[in-house]
Amino acid sequence: MTRSYEEELEFLSKKSPNCWTIKKGFVPNMKVEGVFYVNEMLEKLMFEELQTSCKPGGFGGFLPGVKQIANVAALPGIVGKSIGLPDIHSGYGFAIGNMAAFDMADPEAIVSPGGVGFDINCGVRLLRTNLFEKDVQPVKEQLAQSLFDHIPVGVGSKGIIPMAAKDLDEALEMGVDWSLREGYAWAEDKEHCEEYGRMLNADPSKVSMKAKKRGLPQLGTLGAGNHYAEIQVVDEIFDKYSASKMGVESVGQVCVMIHSGSRGFGHQVATDALLEMEKAMKRDKIEVNDRQLACARINSSEGQNYLKAMAAAANFAWVNRSSMTFLTRQAFAKTFDSTPDDLDMHLIYDVSHNIAKVEQHMVDGQLKTLLVHRKGATRAFPPHHPLIPVDYQITGQPVLIGGTMGTCSYVLTGTEKGMEETFGTTCHGAGRALSRAKSRRNLDYQEVLNDLAAKGISIRVASPKLVMEEAPESYKNVTDVVDTCHMANISKKCIKLRPIAVIKG
């Protein structure tokens with residue numbers, strides 16, 4: 001069965017200026033509705049894609065990301081709605097920018113690796129400094145080179161943190177506590193990490209030797225793709241009180257943003273789990289609309305094994321970002337002939353983008369324990385939530401939204417409305433507009449470099465093709481994405497940052 005553009009539209013309704021609903025029936029077996037958030041510009045892009053892609057292809061023939069939201073709404077045990085954030089684009093199983101929550105009390109409820117992603121706990125952390133742009137500009141090239149020299153980058157990069165198999169198992173179990181013990185983190189870093197940088201259900205014995213072999217040489221490495229370390233300058237402050245609680249006092253202050261995840265280790269954990277879950281689905285007769293949504297009952301041995309291995313990969317990612325923070329502090333200290341402490345290089349916060357966690361939320365007036373999948377989406381808890389640090393109890397959780405190479409990034413804060421509407425979740429970045437292959441075909445390497453130079457942005461990159469793949473034109477406008485979340489009040493704008501130097505794999 002195929003449907004026309006007009007027939008597809010009948011399943012979509014505009015709930016508010018920034019929120020659309022996908023009604024049940026858009027794809028088969030939907031148990032809940034879907035929703036997605038857009039502003040005027042993102043909505044226009046979406047409906048242009050709808051018109052060009054409504055051709056034979058069955059249910060939900062348009063906009064792969066929206067069809068994926070609907071397919072997730074058909075998974076067993078889902079509660080509330082399947083939610084798409086404004087940076088949504090198609091991914092493996094779940095769209096990137098899709099979150100969904102499953103009732104832990106429902107024996108049918110599932111966990112799906114496609115709802116976490118292959119780069120488990122890909123995330124962002126932000127460090128502040130007491131430096132200003134005027135301090136950095138004279139040594140900007142030297143500082144960029146120092147960062148590039150200190151942090152191993154690129155596809156095959158190997159870490160410089162000494163690590164044997166026993167150390168890796170301890171790091172997988174302990175997360176940031178391992179970094180603290182080994183001297184690669186400051187005590188207060190832990191307070192400013194989501195989950196305090198450690199998932200307690202991690203079990204290294206549930207991780208394959210293949211995953212461990214891939215992870216062992218990669219700790220403390222940036223990797224490739226959209227991962228980066230960026231020297232940024234505060235460009236605008238929207239909420240002075242919240243910014244000051246984060247140690248950001250004025251425009252021009254220098255910060256450092258690090259975006260990376262669990263590297264090949266997390267990828268292998270996801271791959272291993274998907275193979276196991278395909279067998280579990282046959283055994284338990286679980287049916288899904290898309291075979292990429294391979295899943296297992298939460299309480300099955302496959303579901304529990306995946307959650308324990310995923311937690312180990314999440315801990316790996318926190319140790320990875322902690323190790324790169326250590327190297328960043330060294331690079332700055334060397335360039336400015338100072339100490340990281342004297343440069344006030346404190347961690348503002350560290351957020352996760354690809355993770356599934358047990359949380360308590362209100363559903364239809366009842367408090368329920370849920371397994372919340374966030375893929376390409378950020379937790380954004382409101383003020384006074386017990387799981388956010390004491391420092392941010394009044395402001396709400398800091399939310400870090402990384403821009404694309406050469407564009408601005410944002411710090412947001414969580415809201416009560418977000419807690420009610422999106423299980424305390426908001427966007428995670430700009431979201432791709434062009435595939436990597438299309439970016440390489442359409443964009444010119446030298447032109448992208450010239451554009452960055454014209455904006456005063458230094459760049460160090462391990463692979464030239466990444467310059468085209470990660471160019472701003474390859475992504476949606478991050479300001480549109482952030483403004484949508486702000487206008488929908490699922491998170492609030494706090495700080496805007498602009499890059500002055502970018503380190504990429």
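FYI, the numbering just counts along the sequence from 1.
Across R440, K438, R441, a single residue satisfies salt bridge (Lys or Arg N to Asp or Glu O under 4.0 Å) together with E469, and that is R440.
Note on R181 versus E170: salt bridge recorded, some NZ/NE/NH1/NH2 to OD/OE distance being below 4.0 Å. In summary, D149 and K334 do not engage in a salt bridge, as defined by a charged side-chain N under 4.0 Å from a carboxylate O. One finds a salt bridge joining R321 and D350 here, because a Lys/Arg side-chain nitrogen approaches an Asp/Glu carboxylate oxygen to under 4.0 Å. A salt bridge between R128 and E249 is absent, with no side-chain N of the basic residue lying under 4.0 Å from a carboxylate O of the acidic one.
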I would like to know whether H428 and N354 meet side chain to side chain donor-acceptor pair (under 3.5 Å); could you show each step before the answer?
CA-CA 10 Å; H428 90 302; N354 291 352; 5.9 Å; no
Residues L180, M174; criterion side chain to side chain contact (heavy atoms under 4.5 Å, CB included); working and verdict
CA-CA 10 Å; L180 259 174; M174 295 171 67; over 6 Å; no
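Between the side chain of T415 and the backbone N or O of N489, at least one donor-acceptor pair lies under 3.5 Å. Although no hydrogens or angles enter the test, the distance criterion places no donor-acceptor pair under 3.5 Å between the side chain of H150 and the main chain of L327. The backbone N or O of E173 sits less than 3.5 Å from a side-chain atom of R198, completing a donor-acceptor pair. Remark: side-chain polar atoms of Q218 are not paired, donor with acceptor, to backbone N or O of N320 under 3.5 angstrom.
No more than 12 heavy-atom neighbours from other residues, nucleotides or ligands sit within 6.0 angstrom of NZ on K245. For K455, the NZ atom is densely surrounded, since the number of other residues' heavy atoms within 6.0 Å is greater than 12. The environment of E236 atom CD is dense: over 12 non-hydrogen atoms of other residues, nucleotides or ligands sit within 6.0 angstrom. Atom NZ of K492 sits in a sparse spot, with 12 or fewer heavy atoms from other residues, nucleotides or ligands closer than 6.0 Å.
Using cut-offs of 30° and 60° for the angle between ring planes, the Y392 and Y349 rings count as perpendicular. Between F118 and Y92, the angle of the ring planes goes over 60°, which puts this pair in the perpendicular group of the 30/60° scheme.
Separating the OG1 atom in T325 from the CG atom in L347 is a distance of 6.5 Å, to the nearest 0.5 Å.
For Y306, the ring-ring contact (aromatic ring centres under 6.0 Å, His included) test picks out no residue, with sequence neighbours left out. By the side-chain contact (heavy atoms from CB on, under 4.5 Å) test, N450 pairs with Q446, sequence neighbours left out.
Within the cation-pi definition used here (under 6.0 Å to the ring centroid, within 45° of the axis), K375 does not qualify as a partner of F94.
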